[in-house]
Number of protein chains: 2
Amino acid sequence: MSHRLPPLNGLRAFEAAARHLSFKIAARELGVTSGAVSQQVKALEATLQVELFRRLPRGLLLTDIGQAYLPDLSEAFRIISKSTEAIAPALPARKLKIGISEQLKTHLPANWPIPSDALSAHVGKPVVTTDLELVRSGDLDGLLQLQQVAAHGLSNEKVAAIKMPTVTEPIYYICPVGLAGCRQSRVLVSSLISVFSDVG
Amino acid sequence: MSHRLPPLNGLRAFEAAARHLSFKIAARELGVTSGAVSQQVKALEATLQVELFRRLPRGLLLTDIGQAYLPDLSEAFRIISKSTEAIAPALPARKLKIGISEQLKTHLPANWPIPSDALSAHVGKPVVTTDLELVRSGDLDGLLQLQQVAAHGLSNEKVAAIKMPTVTEPIYYICPVGLAGCRQSRVLVSSLISVFSDVG
DNA sequence: GAATGAGGCTTAGAATTTCTCTGTCATGGC
DNA sequence: GCCATGACAGAGAAATTCTAAGCCTCATTC
């Protein structure tokens, strides 16, 4: 059986907004701006030729059609979420935001993480910085650099090494303690080991 | 309840390929190239960190994981398809491929159909041509032009009019008889009437 | 064995979609 | 009246998706 499906990302935006009756809150949940949610829902309404929401100055009301649509969509997404969890228990919540030092940057490929590499699903494009405060504040999830620095309160481990002709430079991964052993971090570390060398 | 969802378009590609055990056939069903399906499935596998297919020189086999995933996905898409049908009975199957004459083109906005307009969900970017054979062969779904021409075997109707200072130019819509009254055509015609004038 | 066709893979770049940012508008509360 | 809130709109940036072309591994035919 072949399905005829509307824009799936638009459905996701609608479903989140319908649960909260708010583009603003849905945007936060989806990790995008409210303008993006607004555009997605509007495009979906145009495709379907139906009105799903009544817009108020401060929030949304579901139309009867929107109200009828929501339960099935929520159920479908629940099925997808549940079955995805069953086959891939550790689906990453989002990509890690990593900072890398200028020095380390020269050793990495220009478009690291390589788009076709599995790591790119777990780590976003890095920011070039060594500012620990960005990690402490939560703006970044971690830092990768070649210098060892004091990083009180954070996990600070030697995770890989760059073998050069005369010396071996260790790579340090500094991140909140809670993220140190998480799946994304583990994938990041093993990717670094395959690009460079183990800390051995 | 908030869902954690993998790339939905990737799921769509996987589900179609899994039903057919063929990227080629799935591509035909989805209206894209097999390369596109291949890339989508590969990206999904990378995100989930699982193998969903075993690739053979001529076709696919599902892995155990892929086999486990398929029924739930098919069910979720069936729910979405069914509930979408219930609220929007005439979801367009695809966008109409329309040819417009050079002359008519000068009267239309440069980026017609306007992306934010409802028509853009029903009609793709037009091709500039007056070649009726493209309609007969199925390469185009219809032609819009200002000259009346003989078009045996096709529907050939005056659908709107351009009011100029000294004269009124009718717009002719030529298409296969079967498409003349379909939803996309009707949206197209009413859009032309709102841009220009009724044939009155 | 050689030639050919089938279908998946890969890559680069084109095309499209999605996103962000900024400013506007209509409230709603003080 | 002022300010805050949240949806809307548009332009352009960013990301994703797509196409086209060529490569690879078979499987079949001559």
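In what follows, chains are A, B, ... by sequence order, proteins preceding strands, each numbered from 1.
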How close or far is atom C1' of dA15(D) from atom CD of Q39(A), stated in whole angstroms? 14 Å
Short N/O separations, protein against nucleotides 2-4 of chain C, under 3.5 angstrom:
none

Taking 4.0 Å as the cut-off, does a side-chain nitrogen or oxygen of S34(B) come that near to OP1 or OP2 on dG7(C)? no
Given the rule that I, L, V, M, F, W and Y join up when any side-chain heavy atoms are under 4.5 Å apart, are L56(B) and L62(B) in one cluster? no
Over all heavy atoms of both residues, which pair between Y69(B) and S83(A) is shortest? Give the atoms and the distance, please. CE1-OG, 3.6 Å
Spacing of L44(B) atom CG relative to dT17(D) atom C1', expressed in whole Å: 15 Å
Are V32(A) and L8(A) connected in the hydrophobic side-chain network, where two residues link if heavy atoms are under 4.5 Å apart? yes
So, does N9(A) get its side chain near the phosphate of dT17(C), meaning an N or O under 4.0 Å from OP1 or OP2? no
Using a cut-off of strictly less than 4.0 Å, decide whether S38(B) has a side-chain nitrogen or oxygen near OP1 or OP2 of dG8(C). no
Could you work out which one of dC8(D), dG8(C), dC18(D) sits closest to the side chain of F23(B)? dG8(C)
Would you say Q40(A) places a side-chain N or O within less than 4.0 Å of OP1 or OP2 belonging to dC19(C)? yes
Any carboxylate oxygen within less than 4.0 angstrom of a Lys/Arg side-chain nitrogen, looking at K42(B) and E45(B)? no
State yes or no: do I25(A) and V41(A) share one hydrophobic cluster built from I, L, V, M, F, W and Y residues joined by side-chain heavy-atom distances below 4.5 Å, directly or via other members? no
Rounded to whole Å, please give me the gap between CZ in R12(B) and C1' in dC18(D). 14 Å
dT16(D) C1' sits how many Å from K42(B) NZ, rounded? 16 Å
Positions of residues 50-60 of chain A (non-hydrogen atom under 4.0 Å from DNA chain C), listed by number: P57(A), R58(A)
Residues clustering with Y172(B) (ILVMFWY side chains joined when closer than 4.5 Å, directly or via others): none
Please determine if R19(A) and E29(A) form a salt bridge, counting it only when a charged side-chain N lies under 4.0 Å from a carboxylate O. yes
Take atom CD of Q103(B) as the centre, draw a 6.0 Å sphere, and report whether it contains more than 12 heavy atoms from other residues, nucleotides or ligands. yes
Audit row: Q147(B), S101(B), side chain to side chain donor-acceptor pair (under 3.5 Å) steps and yes/no: CA-CA 9 Å; Q147(B) 316 302 329; S101(B) 66; over 6 Å; no
Is there a side-chain polar atom (N or O) of S22(A) under 4.0 Å from OP1 or OP2 of dA7(D)? yes
Whole-Å distance between dC26(D) C1' and K24(B) NZ? 16 Å
Roughly, in whole Å, what's the span from CG in L8(B) to P in dT17(D)? 10 Å
